[in-house]
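Only heavy atoms go into these numbers, but all of them, side chains included; no hydrogens, no water, no symmetry mates.
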Amino acid sequence: VKKKVEVHRNMPEVSGALRWCHDLKERVAKPMDAFKRLIDHPIAHSEQMERVNKKYQELMTLLDKFVEEIYKDWCSHVGKLSNDNLEKSLIVRDPKTKVIRTNFDPQLIAVLKEVKYLGNLKKDNIPQEATAIHNQNDEYRKFITSLDYTVDSYNKILKTASPEEKPLINDELAKIDADLEKGEKQLKWKTSGISEYITDIRTKVSDLETRLQKSKLNLEKIQQIMGTWKDTPLFKRYEAKSTLLQLDDRQARLDNRYKEIRETGTKIQELVKENKNLLKVQDVNSDMWKAYTVYVDKIVLDGFLKIIQCSLTYFIKETDYIKSNPDPLFEAQLQLKPPEMTFVPSMNYGDANGFYELIEGLLGNIYKQGSLIARVAKHVGQENYQSDLENKADLGDIRQELMERVNSILSKANEFKDSFNKYAYLWVDDRKEFMRQFLLYNHVLTQEEIEAHAETGVPESPPTLEQFKEQ
């Protein structure tokens with residue numbers, strides 16, 4: 001039919017063709033009616049008009065015959081088509097992917113539409129089978145809508161359940177599959193009482209899919225709250241008064257961050273417990289649940305990895321004097337405390353209040369964040385995540401690079417301090433004795449000079465003006 005006429009895209013095939021014929025007849029009939037009203041005009045009785053009337057009648061006869069053929073052909077097979085399709089199962093399953101779909105044939109949907117539009121066209125003698133199906137139109141649409149929802153929910157479970165989640169829901173899913181098998185092999189569209197089955201299977205599938213998706217949302221919440229500090233270093237420069245690292249509120253900053261992380265740990269444990277209930281886990285010692293907690297553990301560990309990495313890379317960026325040449329991040333003062341010159345903080349290894357120990361302490365503070373949340377996977381034998389973080393190669397590489405820069409600074413600082421050793425006599429030797437020897441000999445006598453002139457005494461040699469200037 002569609003090859004013969006242009007059916008409107010929103011109309012079914014047969015009624016669309018009938019509508020097309022009806023509209024075409026109206027387009028032809030209107031001008032003919034206008035001609036027939038020209039009773040007194042000579043053209044109404046002309047030979048040409050007789051030819052027009054003849055062609056008009058031929059066209060109308062052809063259109064009526066075409067309509068009759070189309071409708072007769074549809075009536076001849078619609079009954080068998082309807083009965084055959086109502087004998088089909090409610091659901092079909094793809095043997096490879098295991099996904100299911102509603103098995104309401106598009107031909108039946110077309111029959112429902114045909115009967116509706118044929119009724120609008122005032123068509124008589126619609127086959128009883130087609131009328132019977134149309135009388136159940138609302139009921140079938142409810143069935144289809146409900147089954148489509150069930151199908152979508154079930155397929156979503158198959159497609160979205162992770163390898164760690166599937167074992168936890170396998171028993172429940174197996175029971176649902178057993179119920180679905182009835183819809184695949186036993187129940188037909190013409191089977192009485194399918195309404196209860198469709199409602200029951202929808203309830204079961206929807207319940208599992210809702211709980212599974214809720215558990216997934218909880219995992220997303222864990223990932224989200226662990227990302228709270230992924231872009232916020234634990235230690236930063238002062239924002240206004242100085243470019244140095246802000247450490248005067250170090251303890252307060254640590255207390256606040258640690259408190260937030262501990263609260264996050266409590267929230268994570270609550271979400272994991274909720275997921276245990278959502279997935280109906282009975283045995284927390286089962287391998288399936290242990291595997292799931294390891295899966296959640298990885299989410300928490302990945303969050304900590306980003307948190308630690310943020311703080312470490314901040315130090316790397318702010319001490320990269322080759323690429324970005326930033327302002328100084330730390331301050332050390334070289335102070336004269338006779339008889340020695342010392343740095344504050346100390347630039348010596350092993351000093352409790354030294355610069356090296358300061359950096360190690362800051363790194364310890366950063367890594368300690370991983371110790372503040374209890375492991376979700378309690379069976380792994382570790383109380384928290386700090387050990388795993390300390391063994392992460394990526395973090396270790398960043399830490400090593402930072403400590404190499406610290407070692408380099410310590411060496412340069414001590415070299416700078418040593419450059420003043422030639423002036424050490426200014427604060428090490430007795431100043432009065434120094435002045436006496438300088439005025440007599442223009443320099444401090446060495447032990448060799450004293451021994452060489454032990455009997456006669458060192459000859460005096462007062463300083464020149466230039467030597468005074470040098471001192």
Do you know the tightest heavy-atom contact between Arg375 and Asp388? NH1-OD2, 3.0 Å
Within the structure provided, determine whether Tyr295 and Leu219 are in side-chain contact (heavy-atom separation under 4.5 Å). yes
Might you confirm whether atom NZ of Lys392 has over 12 heavy atoms from other residues, nucleotides or ligands at distances under 6.0 Å? no
Begin from the C-alpha positions of Leu234 and Leu362 and carry the test side-chain contact (heavy atoms from CB on, under 4.5 Å) through to its verdict. CA-CA 9 Å; Leu234 182 56; Leu362 296 178; over 6 Å; no
Quick one: does Asn218's side chain have a donor or acceptor within less than 3.5 Å of a partner on Val272's backbone? no
Asp94 side chain to Thr97 backbone, donor-acceptor under 3.5 Å: yes
Using 0.5 Å steps for rounding, measure from the CG atom of Asp302 to the CD atom of Gln309. 11.0 Å
Got a donor-acceptor contact below 3.5 angstrom from the Tyr197 side chain to the Asp179 backbone? yes
Does any N or O in the side chain of Asn275 come within less than 3.5 Å of the main-chain N or O of Ser215, such that one atom is a donor and the other an acceptor? yes
Measure the spacing between CD of Glu401 and OG1 of Thr319 and express it to the nearest 0.5 Å. 7.5 Å
Classify the ring geometry of Trp289 against Tyr292: parallel below 30°, tilted from 30° to 60°, perpendicular beyond 60°. parallel
Can any side-chain N or O of Ser311 pair as donor or acceptor with the backbone N or O of Ile308 at less than 3.5 Å? no
Please determine whether side-chain contact (heavy atoms from CB on, under 4.5 Å) holds for the pair Phe143 and Leu90, giving the CA-CA distance in whole Å, both sets of side-chain angles, and the decisive distance to 0.1 Å. CA-CA 9 Å; Phe143 290 165; Leu90 301 179; over 6 Å; no
Can you name the nearest heavy-atom pair linking Phe235 to Leu247, along with the distance? CD2-CD2, 4.0 Å
Taking the six-membered ring for Trp and the full ring for Phe, Tyr or His, determine whether the centres of Phe355 and Phe343 are under 6.0 Å apart. no
Considering only heavy atoms from C-beta outward, does the side chain of Lys298 approach that of Val300 to under 4.5 Å? no
Working note: Arg399 + Glu360, criterion salt bridge (charged side-chain N to carboxylate O under 4.0 Å, His left out); need CA distance, chi angles, decisive distance, verdict. CA-CA 10 Å; Arg399 181 171 186 166; Glu360 283 288 2; 3.0 Å; yes
For the backbone of Glu181 and the side chain of Arg93, can you confirm whether one donor and one acceptor N or O come within less than 3.5 Å of each other? no
Which atom of Leu244 lies closest to which atom of Pro328, heavy atoms considered: CD2-O, 3.5 Å
Taken to the nearest 0.5 Å, the spacing of Leu147 CG from Ile100 CD1 works out to 8.5 Å
Salt-bridge present (Asp200, Lys204; N to O < 4.0 Å): yes
Salt-bridge contact Lys214-Glu274 (side-chain N to carboxylate O under 4.0 Å): yes
Can we say Lys368 and Glu390 salt-bridge, meaning some charged N sits less than 4.0 Å from an Asp/Glu carboxylate O? no
Assess the side chains of Arg250 and Asn365: does a donor N or O sit below 3.5 Å from an acceptor N or O? yes
Apply side-chain contact (heavy atoms from CB on, under 4.5 Å) to the pair Val406 and Tyr356, showing each step before the final yes or no. CA-CA 7 Å; Val406 171; Tyr356 188 90; 3.9 Å; yes
Can you tell me if NZ on Lys182 sees more than 12 non-hydrogen neighbours from other groups inside 6.0 Å? no
Going by an N to O cut-off under 4.0 Å, is there a salt bridge joining Arg211 and Asp207? yes
Arg253 CZ to Asp248 CG distance, which is reported to the nearest 0.5 Å: 9.0 Å
If you measure from OH on Tyr385 to CD1 on Ile307, what distance do you get to the nearest 0.5 Å? 11.5 Å
Give a yes or no on whether Asp171 atom CG has more than 12 heavy-atom contacts from other residues, nucleotides or ligands under 6.0 Å away. no
Lys/Arg-Asp/Glu bridge criterion (N-O < 4.0 Å) met for Lys259, Glu263: yes
Whether over 12 other heavy atoms sit under 6.0 Å from Lys236 NZ: no
Does Thr313 use its side chain to pair, donor to acceptor, with the backbone of Cys310 at less than 3.5 Å? yes
Does Leu245 offer a backbone N or O that forms a donor-acceptor pair with the side chain of Arg237 under 3.5 Å? no
Take atom CZ of Phe416 as the centre, draw a 6.0 Å sphere, and report whether it contains more than 12 heavy atoms from other residues, nucleotides or ligands. no
Can you tell me how far CG of Asp397 sits from CG of Leu402, rounded to the nearest 0.5 angstrom? 12.5 Å
Residues two or more places apart in sequence or in another chain: which of them pass side-chain contact (heavy atoms from CB on, under 4.5 Å) with Ala161? Glu165, Lys166, Ile169, Leu212
Could you give me the CA-CA distance, side-chain angles and deciding distance for Asp148 and Ile144, then say whether side-chain contact (heavy atoms from CB on, under 4.5 Å) is met? CA-CA 6 Å; Asp148 282 346; Ile144 294 170; 3.4 Å; yes
Determine the minimum heavy-atom distance between Arg257 and Thr232, stating which atoms define it. NH2-O, 2.9 Å
Does CD belonging to Glu383 count more than 12 external heavy atoms closer than 6.0 Å? no
Without placing hydrogens or testing angles, list every side-chain donor-acceptor pair under 3.5 Å for residues 55-64, not counting sequence neighbours.
| from | atom 1 | to | atom 2 | distance (Å) |
| --- | --- | --- | --- | --- |
| Thr61 | OG1 | Gln57 | O | 2.8 |
| Asp64 | OD1 | Lys25 | NZ | 2.5 |

Least distance between heavy atoms, Ser89 atom then Glu184 atom: CB-O, 3.2 Å
Taking Pro95's backbone N and O only, do any of them form a donor-acceptor pair with Lys98's side chain (distance below 3.5 Å, no angle check)? yes
Within 6.0 angstrom of Asp283 CG, more than 12 heavy atoms from elsewhere: yes
Using the side-chain hydrogen bond (donor to acceptor under 3.5 Å, both in side chains) rule, take Gln213 and Thr160 through it: C-alpha gap first, then chi angles, then the decisive distance, then the call. CA-CA 9 Å; Gln213 297 308 317; Thr160 63; 3.2 Å; yes
Please tabulate, for the side chains in residues 222-229, all donor-acceptor contacts under 3.5 angstrom to protein atoms that are two or more places apart in sequence or on a different chain.
| from | atom 1 | to | atom 2 | distance (Å) |
| --- | --- | --- | --- | --- |
| Thr228 | OG1 | Ile225 | O | 2.6 |
| Trp229 | NE1 | Glu260 | OE1 | 2.9 |

Between the side chain of Asn384 and the main-chain N/O of Leu372, is any donor-acceptor distance below 3.5 Å? no
Within a reach of under 6.0 Å around CG of Asn353, are more than 12 heavy atoms found that belong to other residues, nucleotides or ligands? no
Pairwise side-chain contact, Thr264 with Ile268, heavy-atom cut-off 4.5 Å (strictly under): yes
Salt bridge check: are Lys156 and Asp152 linked by an N-O gap of less than 4.0 Å? no
Consider only side-chain N and O atoms of Gln186 and Thr191, and report whether a donor and an acceptor are under 3.5 Å apart. no
Return the minimal non-hydrogen interatomic distance between Glu209 and Ser153, and the atom names on each side. CG-O, 3.5 Å
Test side chain to side chain contact (heavy atoms under 4.5 Å, CB included) applied to Tyr154 and Leu173, Val99, Ile201, the passing residue: Leu173
Is any side-chain heavy atom of Glu172 closer than 4.5 Å to a side-chain heavy atom of Leu279? no
